[in-house]
Amino acid sequence: MDKMIPLKINGNTKKIMVHPSKRLIDVLRDDLGLMGVKEGCGEGECGACAVLIEGKLINSCLVAVESIKNAEIYTIEGYKMTKRYAMLDECFASAGAVQCGFCTPGMILAAEALLSSNAMPTESEVRDAISGNLCRCTGYNMIVEAILMASRKGGYLW
């Protein structure tokens with residue numbers, strides 16, 4: 001039976017009528033049209049569906065929508081409106097860290113989750129922070145370089 005679920009998505013409060021066990025990724029894509037969230041493995045292994053819930057990086061394919069009612073959720077669409085995104089975008093482009101783009105939203109949000117708690121991470125900390133996100137194009141070195149560059153250039157932002 002469907003139920004009215006209140007959500008705070010990208011700074012806006014929404015109420016949606018859905019089955020409480022519906023996966024967050026399906027609500028975001030199917031009900032709210034937020035296509036920046038990608039369905040990869042559907043098992044929480046690839047990070048393509050990562051979102052920020054209360055500032056923590058979470059794979060939305062593993063979350064039942066009712067379990068996060070009233071939580072603050074940010075997708076890449078909402079995060080794109082921030083200065084922090086602009087810095088990461090610039091650094092990802094400069095480092096050549098964007099190729100097919102499928103993993104990029106999850107990688108960007110993983111970078112945000114890391115930098116918001118550790119503005120000056122080591123390379124090892126960056127690699128650990130993005131370890132839950134699979135990329136088949138770049139081999140990770142350019143992504144790590146982009147995040148370290150964002151840390152150096154935009155340290156005042158985080």
Side-chain angles (χ1 to χ4, degrees), residues 1-89 91-92 97-98 100-121 124-138 140 143-144 146-147 150-151 154 157-158:
M1 175 192 289
D2 287 351
K3 189 174 176 184
M4 188 66 74
I5 308 285
L7 298 173
K8 295 178 188 169
I9 305 284
N10 297 327
N12 299 307
T13 300
K14 302 205 179 262
K15 291 181 180 178
I16 55 170
M17 182 67 78
V18 294
H19 193 280
S21 65
K22 190 171 183 177
R23 300 180 315 162
L24 177 59
I25 186 174
D26 297 325
V27 170
L28 294 171
R29 290 182 62 85
D30 301 342
D31 298 294
L32 300 174
L34 297 168
M35 300 302 185
V37 181
K38 309 293 187 210
E39 171 94 47
C41 67
E43 299 175 348
E45 296 293 326
C46 73
C49 66
V51 297
L52 296 173
I53 300 176
E54 300 295 336
K56 295 182 179 173
L57 190 68
I58 305 287
N59 291 324
S60 62
C61 69
L62 300 177
V63 177
V65 69
E66 185 175 43
S67 71
I68 46 95
K69 64 183 175 187
N70 292 314
E72 186 76 51
I73 303 161
Y74 271 89
T75 67
I76 195 69
E77 288 90 347
Y79 185 65
K80 274 186 169 180
M81 304 300 149
T82 68
K83 290 180 180 179
R84 293 177 176 192
Y85 171 82
M87 177 58 67
L88 284 167
D89 183 47
C91 293
F92 268 63
V98 177
C100 84
F102 193 79
C103 73
T104 304
M107 289 290 187
I108 293 281
L109 292 177
E112 165 59 24
L114 169 65
L115 294 173
S116 67
S117 65
N118 179 1
M120 297 299 290
S124 175
E125 290 168 329
V126 171
R127 290 187 183 280
D128 186 54
I130 63 170
S131 65
N133 297 71
L134 298 179
C135 172
R136 296 177 185 208
C137 301
T138 68
Y140 300 97
I143 294 170
V144 171
I147 295 170
S151 170
L157 292 171
W158 286 279

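Computed from a predicted model, the values in this text were never measured in an experiment. The figures that follow rest on heavy atoms only: side chains count, while hydrogens, waters and symmetry mates do not.
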Atom [atom1] of [X] and atom [atom2] of [Y]: how far apart are they, to the nearest 0.5 Å?
X    : Y    : atom1 : atom2 : answer
K8   : I53  : NZ    : CD1   : 13.5 Å
D26  : C49  : CG    : SG    : 10.0 Å
E77  : L32  : CD    : CG    : 10.0 Å
N133 : M107 : CG    : CE    : 5.0 Å
M17  : M1   : CE    : CE    : 10.0 Å

Which heavy atom in [X] sits nearest to a heavy atom in [Y], and how many Å separate them?
X    : Y    : answer
N59  : G44  : ND2-O, 3.1 Å
L24  : I73  : CD1-CD1, 4.3 Å
G40  : C46  : CA-SG, 3.6 Å
T75  : L109 : C-CD1, 4.2 Å
L115 : W158 : O-CB, 3.2 Å
A64  : P20  : CB-O, 3.8 Å

Heavy-atom side-chain contact between P105 and V37 under 4.5 Å: no
Heavy-atom side-chain contact between L52 and I58 under 4.5 Å: no
From CA spacing to verdict: side chain to side chain contact (heavy atoms under 4.5 Å, CB included), L88, Y79: CA-CA 11 Å; L88 284 167; Y79 185 65; 3.4 Å; yes
Please confirm whether the backbone N or O of [Y] pairs with a side-chain atom of [X], one donor and one acceptor, at under 3.5 Å?
X   : Y    : answer
R29 : M35  : yes
R84 : E112 : no
E72 : E54  : no

Salt bridge (Lys or Arg N to Asp or Glu O under 4.0 Å) evaluation trace for D31 with K14: CA-CA 11 Å; D31 298 294; K14 302 205 179 262; over 6 Å; no
Side chain to side chain contact (heavy atoms under 4.5 Å, CB included) between I9 and L28, worked out: CA-CA 9 Å; I9 305 284; L28 294 171; 3.7 Å; yes
